[in-house]
There are 2 protein chains.
Amino acid sequence: MQAQVQLTLMSTSFPDEASRRLLRDLAHSLPMALLRTREAVVQRFREVLSRYGLTEQQWRILRALDGREGLEISLLAEECRILLPSMTGILKRMEARGLILRQASVADGRKVRVALTEEAKALVAQIKPEVVQVYVEIERILGRNKLEQLYALLEELEQGLASSA
Amino acid sequence: MQAQVQLTLMSTSFPDEASRRLLRDLAHSLPMALLRTREAVVQRFREVLSRYGLTEQQWRILRALDGREGLEISLLAEECRILLPSMTGILKRMEARGLILRQASVADGRKVRVALTEEAKALVAQIKPEVVQVYVEIERILGRNKLEQLYALLEELEQGLASSA
DNA sequence: CTGAGATAGTTAATATATTAAGTAAAAGAC
DNA sequence: GTCTTTTACTTAATATATTAACTATCTCAG
């Protein structure tokens with residue numbers, strides 16, 4: 001079965017319908033499509049964030065912590081989809097800049113909670129409206145319905161891949 | 001107008017309908033949704049590619065060069081959505097491993113064309129069927145219609161953002 | 001020609017991503 | 001209560017992303 005697929009793929013002369021469609025899908029390339037669109041979207045946000053000396057990842061962390069008391073690093077990492085080794089460095093830089101505070105847990109010596117400083121909260125409040133404007137533009141481009149549709153499809157695929165893992 | 005939005009966003013007590021929807025969209029976070037889905041998709045491909053000691057980026061380059069005589073580095077970079085400074089390092093590693101060849105252009109001393117070695121072509125032929133199987137699974141999860149729908153929405157948003165840049 | 005720009009790539013510096021190891025504290029097994 | 005395993009992070013090593021600066025051509029106006 002696997003060998004069959006390989007064979008038809010390697011002989012490009014007379015591919016049957018099935019492998020022709022697979023090849024077209026391959027040309028589509030879902031990772032590339034997701035990358036290109038994400039790149040285009042993120043660029044808009046980056047234009048805003050870079051004026052404040054923030055990276056996209058730092059903004060994700062600011063957004064996740066905003067309006068909360070604090071969060072364990074692991075939970076924060078999970079929510080922001082940033083791996084722990086990356087978090088270590090990012091939080092170090094954010095702490096050095098005075099955007100976050102760390103406090104070790106008394107109950108569990110391994111856990112560390114991080115929270116926004118007042119300065120960071122003010123920064124988030126200042127940036128948020130500009131970020132909202134980017135969303136407004138995106139919705140203007142795609143329309144509210146299609147945007148919701150896109151969210152739904154992305155979610156469905158993510159969940160499907162996760163559950164069949 | 002901008003100040004208006006900011007004001008409603010900062011008073012979380014009684015947000016009106018518009019800002020409430022904007023905040024929900026913000027919680028959605030399109031970059032995060034694209035990231036999460038892409039992460040889930042790419043992980044499947046990475047399981048295959050890592051067995052061959054390839055990164056996702058290197059695979060994009062292999063795929064782009066496969067079946068062609070060669071390509072200028074700039075064009076390759078554009079097609080693979082990899083920035084030139086990154087390309088320099090990636091191509092260096094791929095050349096060291098014997099996957100690509102470089103040849104300076106005679107017509108234009110600045111340009112460099114890269115092409116796959118025979119070894120690389122054989123590697124691509126070997127890996128391709130496994131990659132196709134990942135696509136088969138993705139299509140099984142989402143269904144062909146929804147998958148095409150997803151591609152279309154991603155494309156439309158990307159184009160929209162590009163043209164309104 | 002010739003000098004001002006534009007192009008193709010690389011180098012440099014900093015920030016993240018990814019995988020593997022390592023460390024310290026906590027939870028469980030016995 | 002020790003011993004093993006798990007958990008929460010950090011460190012290390014390598015690969016890539018991003019922005020800026022630099023080099024060697026090339027192009028083209030004058």
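Throughout, protein chains are lettered first and strands after them, A, B, ... in sequence-line order, and every chain is numbered starting at 1.
- When hydrophobic clusters are built by joining Ile, Leu, Val, Met, Phe, Trp and Tyr residues whose side-chain heavy atoms come closer than 4.5 Å, directly or via intermediates, A:L101 is not grouped with A:L91.
- A straight line from CD1 of B:I82 to P of D:dT18 spans 11 Å, rounded to a whole angstrom.
- Within a 6.0 Å sphere centred on CD of B:E47, other residues, nucleotides and ligands contribute more than 12 heavy atoms.
- Salt-bridge check for B:E79 with B:R68: passed, with a basic side-chain N closer than 4.0 Å to an acidic carboxylate O.
- Between A:A107 and A:L83, the one whose closest nucleotide on DNA chain C sits nearer the 5' end is A:L83.
- Taking atom NZ on B:K111 and atom P on D:dC26, their separation rounds to 10 Å, with Å as the unit.
- Atoms CZ (B:R46) and P (C:dA20) sit 12 Å apart, rounded to a whole Å.
- For B:E56 and C:dT19, the CD to P distance is 11 Å, given to the nearest whole Å.
- Within residues 91-99 of chain B, the residues approached by DNA chain C to less than 4.0 Å at the level of any non-hydrogen atom are B:K92, in residue-number order.
- Distances shorter than 4.0 Å separate none of the side-chain N or O atoms of A:S86 from OP1 or OP2 on C:dT18.
- The CG-P distance, from B:L35 to C:dA17, rounds to 8 Å in whole Å.
- One atom, OH of A:Y52, and another, P of C:dA15, lie 20 Å apart when rounded to the nearest Å.
- Through side-chain heavy atoms spaced under 4.5 Å, either directly or across other Ile, Leu, Val, Met, Phe, Trp or Tyr residues, B:L83 is tied to no other residue.
- Salt bridge absent: B:K92 and B:E95 never bring a charged side-chain N and a carboxylate O closer than 4.0 Å.
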Where do N or O atoms of nucleotides 27-29 of chain C meet protein N or O atoms at under 3.5 Å, pair by pair?
none

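- Of the residues near DNA chain C, B:S74 and A:I90, the one whose nearest nucleotide (by heavy atom distance) lies more toward the 5' end is B:S74.
- Using a 4.0 Å cut-off, no side-chain N or O of B:Q43 falls inside it from OP1 or OP2 of C:dT18.
- The backbone N or O of B:G53 lies less than 3.5 Å from no partner atom in the side chain of B:S50, so there is not a single donor-acceptor pair.
- Within the 4.0 angstrom heavy-atom criterion, base atoms lie near A:L84.
- Remark: B:T55 is in phosphate contact with D:dT16, judged by side-chain N or O atoms under 4.0 Å from OP1 or OP2.
- Counting non-hydrogen atoms under 4.0 angstrom, A:A104 reaches nothing in the nucleic acid.
- Between A:V42 and A:E72, the residue anchored nearer the 5' end of DNA chain D, judged by the nucleotide with its closest heavy atom, is A:E72.
- Note: CD (B:E78) to C1' (C:dT7) measures 13 Å, nearest angstrom.
- The shortest distance between the side-chain N/O atoms of B:Q57 and the OP1/OP2 oxygens of C:dA17 is not below 4.0 Å.
- The pair A:E118-A:K121 meets the salt-bridge criterion, with a side-chain N (NZ, NE, NH1 or NH2) lying under 4.0 Å from an Asp/Glu carboxylate O.
- Of the candidates C:dT18, D:dT10, D:dA8, D:dT10 carries the atom nearest the A:R102 side chain, counting heavy atoms from C-beta on.
- Residues A:M87 and A:E39 both approach DNA chain D. Their nearest nucleotides, taken by heavy-atom distance, put A:M87 toward the 5′ side.
- What separates CZ of A:R81 from C1' of C:dT18 is a distance of 16 Å, to the nearest Å.
- Of the N and O atoms on the side chains of B:Y52 and B:E130, at least one donor lies less than 3.5 Å from an acceptor on the other residue.
- Grouping the Ile, Leu, Val, Met, Phe, Trp and Tyr side chains by contacts below 4.5 angstrom, directly or via other members, places B:Y151 with A:L150.
- Using a 4.0 Å heavy-atom criterion, one finds that B:T88 contacts the bases of the nucleic acid, with or without backbone contacts as well.
- Atoms CZ and CE, from A:R38 and B:M32 in turn, are 8.5 Å apart once rounded to the nearest 0.5 Å.
- Checked by atom type, the side-chain pair A:T117/A:R97 shows no donor-acceptor distance below 3.5 Å.
- Contact annotation: A:Q58 reaches the phosphate of C:dT16 (side-chain N/O to OP1 or OP2, under 4.0 Å).
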